[in-house]
Amino acid sequence: MMRTRPLKVALLGCGVVGSEVARIMTTQAADLAARIGAPVELVGVAVRRPDRVREGIAPGLVTTDATALVKRGDLDVVVEVIGGIEPARTLITTAFAHGASVVSANKALIAQDGAALYAAAEEHGKDLYYEAAVAGAIPLIRPLRESLAGDKVNRVLGIVNGTTNFILDKMDSTGAGYQEALDEATALGYAEADPTADVEGFDAAAKAAILAGIAFHTRVRLDDVHREGMTEVTASDFASAKEMGCTIKLLAICERAADGGSVTARVHPAMIPLTHPLASVRGAYNAVFVESDAAGQLMFYGPGAGGAPTASAVLGDLVAVCRNRLAGTTGPGESAYAALPVSPMGEVVTRYHISLDVADKPGVLAQVATVFAEHGVSIDTVRQQGKDGEASLVVVTHRASDAALDGTVDALRKLDTVRGVASIMRVEGE
């Protein structure tokens, strides 16, 4: 039997995502009520610019006083889609203190202060859900923390930023340079006017922190994630990747150590074989590959951003939280019992593709090979091309630690026969 008294919802932010959340709550009100077991009522929308026309939202619901809104005391759920650290953090903790559960899409805040937010939610017996914080519409957070709760996840490898995937895909498919591909992404609305958060990996790093924390039952903060951007990736790198039967993606990689005693989380460009499922992810789409003991290999794929896709994830959380409110219970809280240490990047072991500019004369390859051997880095393949006294030397290693590779490269730069290190890229997905 459906309850007639509505559950009251406040919305913080009414931009691209927030406006879609409000629209779906209105146009699908009957379906949402049927799925929840009670109607939901949007009772307030906090915005910065109240004079802007917002189609479908009654002007009387709009306020610039977000603090007063979350302090009402009669709210069941607060939906936070304003982003950033403050005032979002204070508004969320205030909402908990005044009786409301929270649904958030705020990846930066969850990655930085997730533990404190979980603690505040637990203190007040409320829910904190944030499916929309990672990979837009793709169901990923809930499968990791609920569906796979009885399994042991060993690795999460994914494309979690649509802007960077669009740019790299364009460079791969057309031979365009980085700036040309970025300009097209901006023109099409895939990249912001300031794309730094995307192309330098900050966005993906926040998502990696969240995924690692859930997958490994360990607190992983944004500062724990090694981050490298993709602005230095060139058309030449793609040419080298194609010669190896690979393409290049900006990957978020979260791994449990082989001995199970630690975890790593990192974001960087990497070559992956064309046979790997992630290699075929095109345009602005996201995909995440999960490897676990019992379930094996799972792949989650779909639109990772945009108003409607992200709103879909928000509304899914809203339904779950409202059901919990009706049942007088809460969903999963923080699971950080494992408390595994996060290893530094220097201990990460992977393969490498190194392109060197060298003198075209006898003995160069032997010198280079000696340096690799002295630093304990085993060479898999070498390819050399020379002309007019100059040459390029491409070395692909077997698996080696990042620290060992750094020492190798430093030593290579000291050789008189090495003119420069043109590029270094990790090889993943094998």
Side-chain angles (χ1 to χ4, degrees), residues 1-14 17-46 54-58 60-62 69-82 91-92 94-106 110 117-118 120-122 124-147 149 302 307-333:
M1 182 176 180
M2 183 178 296
R3 192 181 83 167
T4 57
R5 182 168 61 84
L7 293 160
K8 296 183 178 182
V9 179
L11 180 61
L12 306 181
C14 197
V17 176
S19 60
E20 280 295 308
V21 170
R23 182 188 67 79
I24 295 172
M25 286 185 65
T26 301
T27 60
Q28 298 185 21
D31 285 341
L32 289 172
R35 294 165 192 163
I36 292 169
V40 289
E41 179 186 2
L42 184 61
V43 299
V45 181
R54 294 173 172 85
E55 186 177 350
I57 298 177
L61 296 180
V62 177
L69 179 59
V70 299
K71 284 184 173 180
R72 280 177 49 143
D74 63 343
L75 298 176
D76 292 288
V77 186
V78 169
V79 176
E80 182 271 312
V81 288
I82 57 179
L91 291 171
I92 288 174
T94 301
F96 289 142
H98 286 79
S101 289
V102 173
V103 172
S104 176
N106 195 331
I110 301 297
L117 295 179
Y118 268 126
E122 183 178 3
H124 297 288
K126 299 297 178 287
D127 271 323
L128 173 64
Y129 276 54
Y130 49 90
E131 183 68 61
V134 180
I138 305 172
L140 185 57
I141 300 299
R142 192 171 288 114
L144 278 175
R145 74 175 186 172
E146 296 182 29
S147 304
T310 305
S312 172
V314 171
L315 268 295
D317 278 351
L318 179 63
V319 169
V321 171
C322 286
R323 286 172 175 170
N324 290 343
R325 294 284 286 196
L326 291 179
T329 186
T330 56

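The first residue of the sequence shown is numbered 1, and numbering continues consecutively from there. Computed from a predicted model, the values in this text were never measured in an experiment.
With contacts defined as side-chain heavy-atom distances shorter than 4.5 Å, the pair Y129/T330 does not qualify. Using a 4.5 Å heavy-atom threshold, the side chains of V81 and L11 count as touching. Annotation: side chain of P332 is in contact with side chain of E146 (closest heavy-atom distance under 4.5 Å). By the 4.5 Å heavy-atom criterion applied to side chains, V40 and C322 are counted as neighbours. Put simply, the side chain of I82 reaches to within 4.5 Å of the side chain of E80, judged on heavy atoms. A 4.5 Å side-chain heavy-atom check between R35 and Q28 finds at least one atom pair inside the cut-off. At least one side-chain heavy atom of L315 sits under 4.5 Å from a side-chain heavy atom of M25.
In this structure, R145 forms a cation-pi arrangement with Y130, its terminal cationic atom sitting closer than 6.0 Å to the ring centre and no more than 45° off the ring axis.
Across all their heavy atoms, E131 and P143 have their closest contact at OE1-CD, 4.3 Å. In terms of heavy atoms, V78 sits closest to A95 at CG2-CB, 3.8 Å. Taking every heavy atom of both residues into account, F96 and A121 meet most closely at CZ-CB, 3.6 Å. Of all heavy-atom pairs between L12 and A46, the closest is CD2-CB, 3.8 Å. R142 and G316 make their closest contact through NH2-O, 4.0 Å (heavy atoms, listed as atom of the first residue, atom of the second, distance). Nearest approach of A313 to A137, heavy atoms of both residues: CB-CA, 4.4 Å.
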Check the pair L117 / I110 against side-chain contact (heavy atoms from CB on, under 4.5 Å), numbers first and verdict last.
CA-CA 8 Å; L117 295 179; I110 301 297; 3.9 Å; yes
Quick one, K71 with T94, criterion side-chain contact (heavy atoms from CB on, under 4.5 Å). Give me CA distance, side-chain angles, the key distance, then yes/no.
CA-CA 7 Å; K71 284 184 173 180; T94 301; 3.6 Å; yes
Decide salt bridge (charged side-chain N to carboxylate O under 4.0 Å, His left out) for D76 and K8; before the verdict, give the C-alpha distance in whole Å, the side-chain angles of both, and the deciding distance to 0.1 Å.
CA-CA 5 Å; D76 292 288; K8 296 183 178 182; over 6 Å; no
side-chain contact (heavy atoms from CB on, under 4.5 Å) evaluation trace for V70 with H98
CA-CA 7 Å; V70 299; H98 286 79; over 6 Å; no
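When each of L318, L75, I36, V77 is paired with L7, the side chain to side chain contact (heavy atoms under 4.5 Å, CB included) condition holds for I36 and for no other.
Atom OG of S147 is separated from atom CD1 of I141 by 12.0 Å, given to the nearest 0.5 angstrom.
Within a 6.0 Å sphere centred on CD of E122, other residues, nucleotides and ligands contribute 12 heavy atoms or fewer.
A salt bridge does not link D127 to R325: none of the charged side-chain nitrogens sits closer than 4.0 Å to a carboxylate oxygen.
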